[in-house]
Amino acid sequence: MTAFYVTTPIYYVNGEPHAGHAYTNIAADVLARYHRLKGYDVFFLTGVDEHGANVHKSAENEGLAPQAYCDKMAPTFTKLWQRLNISHDIFLRTTSEMHKRGVRKFLTALEASGDVYKDTYEGHYCRPCEQFFPEKELTEEKICPVHQLPLEWVEEENYFFRLSKYQERLSSHIRENPMFIHLEPRRNELLSFLEAGLEDVSISRSSVSWGIPLPFDPRHIAYVWIEALSNYMTALGYETESERYQTFWPADVHMMAKDITRFHALIWPAMLMALNLPLPKHIVAHGWLTKDGEALSKTRGIFIDMDTDIATYGVDAFRYYLLREFSFGNDGDYRLSRLNARYHADLANDLGNLLNRVLGLVGKHFKRVPEPTTPGEFDDEVKAMHRETLQKLDALMETFAFDTALETIWGFVRRINRYIQQTEVWTLNTPEKRPRMGTILYNGLEALRIISVLIAPFMPDTADKIRQQLNLPVGANGFDTIATWGGLPKNLAIARGEPIFPRIDKKTRQKKASPPPSPKAAPKQKAEKSPSNLISFSDFQKLDLRAAKVIAAEPVEGADRLLKLQVDLGAEKRQVVAGIAAHYTPETLIGKQVIVVTNLEPVTLRGVESQGMLLAASGDSVVLATLETEVPLGTQIR
RNA sequence: GCCGGUGUAGCUCAGUGGUAGAGCAUACGACUCAUAAUCGUACUGUCCGGAGUUCAACUCUCCGCACCGGCACCA
């Protein structure tokens, strides 16, 4: 049996899963289910990434030990996967022993490859700043420009992977295997990134404690990304090179959102090259979801209310909508009105109603599956379309064109509706025409049986519901059972039931919709319990914040985000470069009163010196901090 | 600033060097087995703008505009 191995990324446990995660896992699930029905030996992996500084910090913020925090968060993911009918074989947690042992073996092998080296950062270090200062910025005395304190000479070790060595091989691999990275734009981006040259990557952190120590130097913790990537092998039992590992590595598909392709398409393959291991076959990146045209954003409270929409339309409709409406690989705009339209037009009207009308006719006139004794007009056309649909579907699934795949299946669904209409089967209830009626209805039922298999990867529950009403065994629905027309057993009692996609009027919609979710706008202000996050008042006092007025503003040549500003501090005027060009035009800034950090060391940005910094809220959008009413220029702010 | 992509009917998108297509939505008609479902017909388009190549361009080339993405950059 041919093996098929599909993975999703492992998601950071610090943070609730959102619709983007759902999209990835649904897509991966469809692939997994499709290949299972095709007779492949499938292994489907998803999981969570529980290590690293971010998780550690979130745990601290909640006053929990890291492991306890992870134990609390991991179920939020498994619950969602259950809700979405995700059929993964393993939910990997990176705190599991199997994974840890695998990572150690992986790192040991990587080190043995000779492509890991230790490098030392050394330089003048200021403890309060937690920062190194380059020689060229310092005077003879070696004092911290911020604190005016003597700097220490510090050396810090880090382990690096010689990624740069693999630049050429990666480049030619991507060029020679057009399907290695799915969707042209991602591929081009990577190639141009490669052309710019690769730098070696750090694979360890010595300042982080929550993670897996390097086997060859336990004072260092494996960098989370390096550790996380190896999960695709550790989950299979890489440590012991188990049978499962032998069977399934290399992965057929690494499914992910487009933002993390670089790790998967460059660093991961390069490390595998170093280990002389085969590379994954496809890196498949899908686009991002937006909601009503806006980027999803926790801080601005823009999110897709999966709970409500699934409660209203059902999980299969949700899965269907995501994969049918958006061209896979491109960004997609999630709109409830579109989900509603798809639900009614495609699911309720086309498919649900088809099942209902055919079963209604059979129930009324035959009770059981009739014998197809009397071929006639349109029969061959329908059968030809069956073969055609199967063929197309194969090709489309191979290129991850889920939207077109569903469109193709629906072409068949519509054809059957048309068949019923064209033959006017309901008029054939006379003794001489009855055999023809039976034949047409047999074909209708057979088409529905075929459809139940075609849609099974996308809408597993719906497939089962259809099969239940046809009184077919729910499990045995492989693609081999629909390869040829006529597999539906004759004389089977049918079991017409409730509509599988009942229409949803506005009233029901409102009833089912939960009250408007409390704007998750302000992210929960978690009590900062951790002493390590606190600074002393004297630390705070080190900041010199002053009221200032913008007196001139212009763009910085050759920079997208930078504006060069002249600000008046009363006692003096200064030039400040601010990264706000995407959010403010120069004209609107002039005359504005702003808050400036005045005792920041100067830097040169894009060749322009900046002698301070503007305070601004920098979430998804950037908003300048201003004063409620104007105050004299130069007033201290604290 | 550099690199790449996109711009086609109200909406979501296909598409080919020879005067443009699908689904949804809309209108009208047919039918009445069915979840006010189904089926048929019709409708609208300066195929982003401009120039060029060509007998002929929406499709090729160049320039421009808009939007999106990658890189640089965000003290």
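Proteins come first, then strands; the chains are lettered A, B, ... in the order of their sequence lines, and each starts at number 1.
- Nucleotide B/rC62: paired with B/rG50 (Watson-Crick or G-U wobble, both distances less than 3.5 Å).
- Protein atom CD of A/E325 is 12 Å distant from nucleotide atom P of B/rA14, rounded to whole Å.
- B/rA30 is paired with B/rU38 under the Watson-Crick or G-U wobble criterion, all donor-acceptor distances under 3.5 Å.
- Heavy atoms of A/R414 sit under 4.0 angstrom from primed sugar atoms or phosphate atoms, though from no base atom.
- Between the side chains of A/D292 and A/Y334, no donor-acceptor pair is found at a separation under 3.5 Å.
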In B/S/- notation, 5' to 3', how is nucleotides 70-75 of chain B contacted by protein heavy atoms closer than 4.0 Å?
-> SSBBBB

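- Proximity of residues 418-433 of chain A to RNA chain B (heavy atom under 4.0 angstrom from any strand atom) is restricted to A/R418, A/Q421, A/W426.
- Put simply, CG on A/L339 is 15 Å from P on B/rA25, counting in whole angstrom units.
- In this structure, CG on A/N429 lies 7.5 Å from CZ on A/F366, to the nearest 0.5 angstrom.
- Residue-level contact check: A/F326 touches neither bases nor backbone, having no heavy atom under 4.0 Å from any strand.
- Below 30°, between 30° and 60°, or above 60°: for A/H254 and A/W268 the angle between ring planes is between 30° and 60°, a tilted geometry.
- Between the side chain of A/R319 and the backbone N or O of A/P457, at least one donor-acceptor pair lies under 3.5 Å.
- Rounded to a whole angstrom, the distance from the C1' atom of B/rA57 to that of B/rG15 is 14 Å.
- Using C1' as the reference atom, B/rC55 and B/rG50 are 23 Å apart when rounded to the nearest Å.
- If you look at A/F402 and A/F328, their ring centroids are closer than 6.0 Å.
- Atom C1' of B/rG7 sits at a distance of 11 Å from the matching atom of B/rG49, rounded to the whole Å.
- In this structure, A/H344 and A/L361 both approach RNA chain B, and ranking their closest nucleotides by distance from the 5' end singles out A/L361.
- In this structure, the NE2 atom of A/H286 is 15 Å from the C1' atom of B/rG69, given to the nearest Å.
- Residues A/M256 and A/I283 have side chains in contact (heavy-atom distance under 4.5 Å, counting atoms from C-beta outward).
- No engagement by A/R187 is indicated, since no non-hydrogen atom pair under 4.0 Å with the nucleic acid exists.
- Residues satisfying the salt bridge (charged side-chain N to carboxylate O under 4.0 Å, His left out) test with A/E424, not counting sequence neighbours, are none.
- Salt-bridge formation is not detected for the pair A/K291/A/D333: no Lys NZ or Arg NE/NH1/NH2 atom is positioned less than 4.0 Å from an Asp or Glu carboxylate oxygen.
- With a cut-off of 3.5 Å on both Watson-Crick or G-U wobble distances, the partner of B/rA57 is given as none.
- With a cut-off of 3.5 Å on both pairing distances, B/rA14 has no Watson-Crick or G-U wobble partner at all.
- Distance CD (A/E498) to P (B/rA37): 18 Å, rounded to an integer number of Å.
- For the P atom pair drawn from B/rU44 and B/rG21, the interatomic distance equals 12 Å after rounding to whole Å.
- Comparing B/rA20 with B/rU12, their P atoms sit 23 Å apart, to the nearest whole Å.
- Distance check on atom C1': B/rC60 versus B/rG17 gives 8 Å, rounded to whole Å.
- Using a 4.0 Å cutoff on non-hydrogen atoms, the parts of residues 349-358 of chain A near RNA chain B are A/N349, A/D350, A/G352, A/N353, A/N356, A/R357, ordered by number.
- Atom P of B/rU61 sits at a distance of 25 Å from the matching atom of B/rC68, rounded to the whole Å.
- Shown here, B/rC74 forms no base pair; nothing in the strands shown gives a Watson-Crick or G-U wobble contact with both key distances under 3.5 Å.
- Of the N and O atoms on the side chains of A/T374 and A/R436, not one donor lies less than 3.5 Å from an acceptor on the other residue.
- Side-chain atoms of A/Y442 come within 3.5 Å of backbone N or O of A/L488 as a donor-acceptor pair.
- Taking atom CD1 of A/I409 as the reference point, atom C1' of B/rA22 lies 17 Å away to the nearest angstrom.
- When heavy atoms are screened at a 4.0 angstrom cut-off, A/L359 is found touching no nucleic acid atom at all.
- Computed from coordinates, the A/D346 CG to B/rU12 C1' distance equals 12 Å when rounded to whole Å.
- No donor-acceptor contact under 3.5 angstrom links the side chains of A/N340 and A/R335, judged on distance only.
- Taking atom CG of A/N417 as the reference point, atom P of B/rA34 lies 14 Å away to the nearest angstrom.
- Between the C1' atom of B/rA14 and the CG atom of A/L396 lies a distance of 12 Å, rounded to the nearest Å.
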Derivation and outcome, side-chain hydrogen bond (donor to acceptor under 3.5 Å, both in side chains), residues A/N349 and A/R503 | CA-CA 9 Å; A/N349 296 354; A/R503 297 187 67 79; 2.7 Å; yes

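- Side-chain atoms of A/Q611 and A/Q575 form no donor-acceptor pair, as typed in the model, at a separation below 3.5 Å.
- Using a 4.0 Å cut-off on heavy atoms, none of the residues of residues 168-181 of chain A approach RNA chain B.
- Comparing the same atom, C1', in B/rC43 and in B/rC2 gives a spacing of 46 Å after rounding to whole Å.
- Residues A/T312 and A/L336 fail the side-chain proximity criterion, which asks for heavy atoms closer than 4.5 Å.
- For B/rC67, the paired nucleotide is B/rG5, the pair qualifying as Watson-Crick or G-U wobble because both relevant distances are below 3.5 Å.
- Residues A/H282 and A/F400 have side chains in contact (heavy-atom distance under 4.5 Å, counting atoms from C-beta outward).
- Among pairs with a residue in residues 186-196 of chain A, those fulfilling side chain to side chain donor-acceptor pair (under 3.5 Å) read A/R186-A/E189, at least two apart in sequence or across chains.
- Nucleic acid contact for A/A341: none, since no nucleic acid atom lies under 4.0 Å from a heavy atom of the residue.
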